[in-house]
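Here's the structure, in structure tokens; my notes come after.
Sequence positions, counted from 1, serve as the residue numbers for this chain. Any value given below was found using the heavy atoms of this structure, including those in side chains, with hydrogens, waters and symmetry copies removed.
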Amino acid sequence: MTKLTLPIRAVLYREGGVWIAHCLEFNIVGDGTTKSDAIASMAHFIRLQVDATVEGSNAANLFRPAKGRYFEMFAKGKDVSKLEMSFDAEELHGLVGDEYSFREFECDTTAA
């Protein structure tokens, strides 16, 4: 299997007592009671989105960036984690890779 590499960034933040993992490149969100749960949830939804994209042969379905405020949160955050997901190059036809970076943003996001 050929592995592809595309940096994927996500911001982690708390909202209403729940951890949120928000993927910037795909605008896909996962949540959980812990950071790890939120990351796992987000990774699951990314996998579902990738599968749907491949099934429909529609790359435009995959890359839909998050709103600018989440990129700003990522830029102001601190590095906390990395996650790797594997994708088969033949399956994805060059759509996505396996390198993820996470930063945690500490702020009350409900006030925005």
Side-chain angles (χ1 to χ4, degrees):
M1 168 173 40
T2 303
K3 290 180 101 177
L4 305 172
T5 300
L6 172 69
I8 301 295
R9 297 163 294 170
V11 63
L12 292 164
Y13 56 94
R14 290 185 63 82
E15 190 170 271
V18 175
W19 280 101
I20 306 293
H22 195 140
C23 175
L24 303 180
E25 282 73 20
F26 300 153
N27 197 28
I28 291 177
V29 175
D31 65 354
T33 56
T34 67
K35 292 177 198 177
S36 294
D37 289 344
I39 291 169
S41 174
M42 183 198 71
H44 171 74
F45 290 124
I46 289 172
R47 183 76 235 184
L48 291 176
Q49 189 68 21
V50 167
D51 290 347
T53 297
V54 169
E55 187 175 311
S57 299
N58 181 7
N61 185 48
L62 190 58
F63 295 105
R64 296 178 180 224
K67 292 182 179 179
R69 75 177 240 164
Y70 299 104
F71 282 88
E72 183 178 342
M73 289 166 62
F74 180 86
K76 291 179 179 178
K78 62 181 179 179
D79 290 335
V80 293
S81 182
K82 288 217 177 232
L83 167 71
E84 290 187 4
M85 293 180 70
S86 296
F87 298 98
D88 183 346
E90 291 78 31
E91 173 189 6
L92 297 179
H93 306 289
L95 296 177
V96 70
D98 63 352
E99 185 179 322
Y100 292 74
S101 295
F102 291 86
R103 289 187 178 179
E104 181 179 337
F105 180 73
E106 295 180 21
C107 181
D108 180 7
T109 58
T110 59

Query raised in the report: Looking only at heavy atoms, which two atoms of Ala38 and Ala21 are closest? And how far apart?
Result: O-CB, 3.5 Å

Query raised in the report: So how far is it from Ile46 CD1 to Thr53 OG1, rounded to the nearest 0.5 Å?
Result: 11.5 Å

Report summary line: In this structure, CD of Glu72 is separated from NZ of Lys67 (nearest 0.5 Å) by 14.0 Å

Requested in this report: Give, for atom CZ of Phe71 and atom CG of Leu24, the distance between the pair rounded to the nearest 0.5 Å.
Outcome: 4.5 Å

Query raised in the report: Side-chain contact, heavy-atom cut-off 4.5 Å: His22 with Met42?
Result: no

Query raised in the report: Less than 4.5 Å apart, any side-chain heavy atom of Met73 and any of Tyr13?
Result: yes

Report summary line: Residues at least two apart in sequence or cross-chain that pass side-chain hydrogen bond (donor to acceptor under 3.5 Å, both in side chains) with Asp37, listed by chain then number, are Thr33, Thr34

Requested in this report: Please name all residues satisfying side-chain contact (heavy atoms from CB on, under 4.5 Å) with Phe45, sequence neighbours left out, ordered by chain then number.
Outcome: Ile28, Ser41, Leu48

Report summary line: Note: Ala66 and Cys23 closest approach over all heavy atoms is CB-O, 4.3 Å

